[in-house]
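Here is the structure we will look at, set down as structure tokens.
What's counted below: heavy atoms across the whole structure, side chains too, no hydrogens, waters or symmetry copies.
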Amino acid sequence: MGTFTLTPNLATWGIAGLATLGVIVRPFSWPEAIWAVIGAACLVLFGLLPMGAALDGVAKGTDVYLFLIGMMLLAEIARKEGLFDWLAQAAVRHAQGSATRLFTLIYLVGTVVTIFLSNDACAVVLTPAVYAAAKAAKAEPLPYLFICAFIANAASFVLPISNPANLVVFAEHMPPLSRWLAHFALPSLLAIVATYAVLRWTQAGALAGQEIATDAKARALSGTGRIAGLGIVATAGVLIGASAFGLDLGLPTFIAGLATTLVVLAIKRGGLVEIVRDISWGVLPLVAGLFVLVESLEKTGILTMLADALRRAAQGDPGTTAWASGILVAVATNLVNNLPAGLLAGAAVQAADVSEKVAGAILIGVDLGPNLSVTGSLATILWLTAIRREGEDVSAWRFLKLGLLVTPPALILALAGLLLLP
């Protein structure tokens, strides 16, 4: 009987592992979504996951799909209406010919965008603007584009809305904003500063050799561009309000993005086909496939095992458990992506009923750990998709070499800021 139950579990784990490996490595240069969907389809075809359970898994991602569609609509309409070009010219003028000043300006803007619009929004909305800024400055774009990838995760636990994973980990046990800030303000600050310091150090050579153009002329922003900008600002307000009332973020974001797009298109009297054509829809089947993989893993009983192990460890030595959990989860997010890792970790945290310190350490691991690899988080995958649209690319190995330098000090300092305080 044990062999009978173990064999399907091993097959499920194997397929999920291979699918995840495909997402990370991208054999044959196929998009990440193809590997996630193939893995999900194999689980159903081989009878390891009932079709109904697979559809349930897809349905669990509805809030994420709505959130992403809303953000992609905002980003695309802003790009087409020249908002990013206008912001780029402003950034170049304020940089006053200094590559270092431009780097710092972009980092500060990325921090603000992540805090108030979320890490996924930073990847989707800010990346095209940063590429436009580098192009306007006649500078090599990658040192500045790396900022978008790393700050999207480093600043993603300042507020509950800064990362949708925060809402997953704490679920109905979300602490009030005052207690959230008491726990995560210092860890967030340490992570943001440490990430900046290491990024600045690693990119020093590239920045030193750059000549930043100073002839970016001020150009008036069109009326539709202003509407796109107001739509993004309004979305930030909507997200903060929704979070304060404990509401899901997907539908409000979708409505805000759709409303902004429709207003702009109504003024222009056309352009819908171009908007729909240019959005990176492939991210949606990727997310759906990952949700199905998580559903299959839950069916094997791995969630119960994780919750039991976490409960026993926390009862024995809470401090060591918090440190170990934060670091292990940080590593795990890069093996399976932080979306499934966050879903499993969040469910385990709720089932084990651990202390806020242990839950906080796990959340930091889920949020910050993905900076290690290019497929560690959905935000980084969205960033990779965005830079490919601009003709840039970063291999998994190149990102890993940079992530190995950036992530450990930020992670250790953030955990210390959380766990060493009373």
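Screening Leu372, Val331, Thr195, Val198 against Thr407 for a side-chain contact (heavy atoms from CB on, under 4.5 Å) leaves a single residue, Leu372. When Thr385, Val124, Asp120, Leu378 are each tested for a side-chain contact (heavy atoms from CB on, under 4.5 Å) with Val283, only one passes: Leu378. Just one of Phe399, Tyr107, Trp383 meets the side-chain contact (heavy atoms from CB on, under 4.5 Å) condition when paired with Phe150; it is Phe399.
Heavy atoms only, all atoms of each residue included: Ala228 and Leu83 are closest at C-CD2, 4.2 Å. Contact detail for Gly369 and Thr333: the closest heavy-atom pair is C-OG1, 3.6 Å. Annotation for Gly39 and Ile15: closest pair O-CG2, 3.5 Å, computed over non-hydrogen atoms. Of all heavy-atom pairs between Phe157 and Ala191, the closest is CZ-CB, 3.9 Å. Between Leu297 and Ala16 the shortest heavy-atom distance is CD2-CB, 4.1 Å. Closest non-hydrogen pair, Ala314 versus Pro318, comes out as O-CG, 3.2 Å.
Side-chain contact between Phe146 and Val406 is absent, with no heavy-atom pair separated by less than 4.5 Å. The shortest distance between side-chain heavy atoms of Val394 and Ile387 falls below 4.5 Å. Side-chain contact check for Val109 versus Val130: every heavy-atom pair is 4.5 Å or farther apart. In this structure the side chain of Leu43 reaches within 4.5 angstrom of the side chain of Leu293, judged on heavy atoms. Looking at Trp180 and Asn166, their side chains come closer than 4.5 Å, going by heavy atoms from C-beta outward. The closest side-chain heavy-atom distance from Ile381 to Val374 is not below 4.5 Å. By the 4.5 Å heavy-atom criterion applied to side chains, Phe116 and Val158 are not counted as neighbours. Side-chain contact between Tyr144 and Leu207 is present, with heavy atoms from C-beta onward closer than 4.5 Å.
The CD1 atom of Ile279 sits 6.0 Å away from atom CD of Glu76, with the distance rounded to the nearest 0.5 Å. The OG atom of Ser377 lies 7.0 Å from the CG atom of Asn371; values are rounded to the nearest 0.5 Å. Considering OG1 of Thr12 and CZ of Phe46, their distance stands at 11.0 Å, rounded to 0.5 Å. Annotation: the span from Leu73 atom CG to Thr253 atom OG1 amounts to 11.0 Å, rounded to 0.5 Å. Ile161 contributes atom CD1, which lies 4.5 Å from atom CD1 of Ile240 (distance to the nearest 0.5 angstrom). The CG atom of Leu413 sits 9.5 Å away from the CG atom of Leu186 when rounded to the nearest 0.5 Å.
Not a single donor-acceptor pair under 3.5 Å links the side chain of Ser156 to the backbone N or O of Asn163. The backbone N or O of Ala149 sits nowhere less than 3.5 Å from a side-chain atom of Asn119 that would complete a donor-acceptor pair. With hydrogens and angles ignored, the 3.5 Å screen pairs no side-chain donor or acceptor of Arg311 with any backbone N or O of Leu306. A donor-acceptor pair is defined here as one N or O able to donate and one able to accept, closer than 3.5 Å; no such pair exists between the side chain of Trp30 and the backbone of Gly22. Listed for the Ser325 side chain is no donor-acceptor partner under 3.5 Å among the backbone atoms of Ala322. With Asn338 contributing its side chain and Asp367 its backbone, the two residues share no donor-acceptor pair below 3.5 Å. Lys357 places a side-chain N or O within donor-acceptor distance of the main-chain N or O of Leu418, the cut-off being under 3.5 Å. Of the possible donor and acceptor atoms, none in the side chain of Thr320 sits under 3.5 Å from a partner among the backbone N and O of Asp317. Listed for the Tyr131 side chain is a donor-acceptor partner under 3.5 Å among the backbone atoms of Glu390.
Between Glu81 and Lys268, at least one side-chain nitrogen of the basic residue sits less than 4.0 Å from a carboxylate oxygen of the acidic one, meeting the salt-bridge criterion. A salt bridge is defined here as a Lys NZ or Arg NE, NH1 or NH2 lying under 4.0 Å from an Asp or Glu carboxylate O, and Glu32 with Arg388 meets this definition. Using a 4.0 Å cut-off between a side-chain N of Lys or Arg and a carboxylate O of Asp or Glu, Glu356 and Arg179 qualify as a salt bridge.
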From CA spacing to verdict: side-chain contact (heavy atoms from CB on, under 4.5 Å), Arg79, Asp278: CA-CA 11 Å; Arg79 185 177 71 85; Asp278 292 338; 4.0 Å; yes
Could you go through Val358 and Leu310, starting from their C-alpha distance and side-chain angles, then the distance that decides it, and tell me whether this counts as side-chain contact (heavy atoms from CB on, under 4.5 Å)? CA-CA 9 Å; Val358 175; Leu310 182 60; 4.1 Å; yes
Steps toward side-chain contact (heavy atoms from CB on, under 4.5 Å) verdict (Glu298, Leu344): CA-CA 8 Å; Glu298 289 186 359; Leu344 288 172; 3.9 Å; yes
Could you walk me through whether Thr224 and Ile77 satisfy the side-chain contact (heavy atoms from CB on, under 4.5 Å) test, starting with their C-alpha distance in whole Å, then the side-chain angles of each, then the deciding distance to 0.1 Å, before giving a yes or no? CA-CA 9 Å; Thr224 50; Ile77 202 70; over 6 Å; no
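The 12-atom threshold is not exceeded at CH2 of Trp201, counting heavy atoms of other residues, nucleotides or ligands nearer than 6.0 Å.
Counting only N and O atoms by type, the side chains of Ser373 and Asn334 include a donor and acceptor under 3.5 Å apart. When only modelled atom types and interatomic distance are considered, Thr111 and Tyr196 share no side-chain donor-acceptor pair under 3.5 Å.
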For residues 48-68, tabulate all N or O donor-acceptor pairs below 3.5 Å that involve a side-chain atom, not counting sequence neighbours.
residue: Lys60; atom: NZ; partner: Glu295; partner atom: OE1; Å: 2.8
residue: Thr62; atom: OG1; partner: Ala59; partner atom: O; Å: 2.6
residue: Asp63; atom: OD1; partner: Gly250; partner atom: N; Å: 2.7
residue: Asp63; atom: OD2; partner: Gly250; partner atom: N; Å: 3.4
residue: Tyr65; atom: OH; partner: Val58; partner atom: O; Å: 2.8

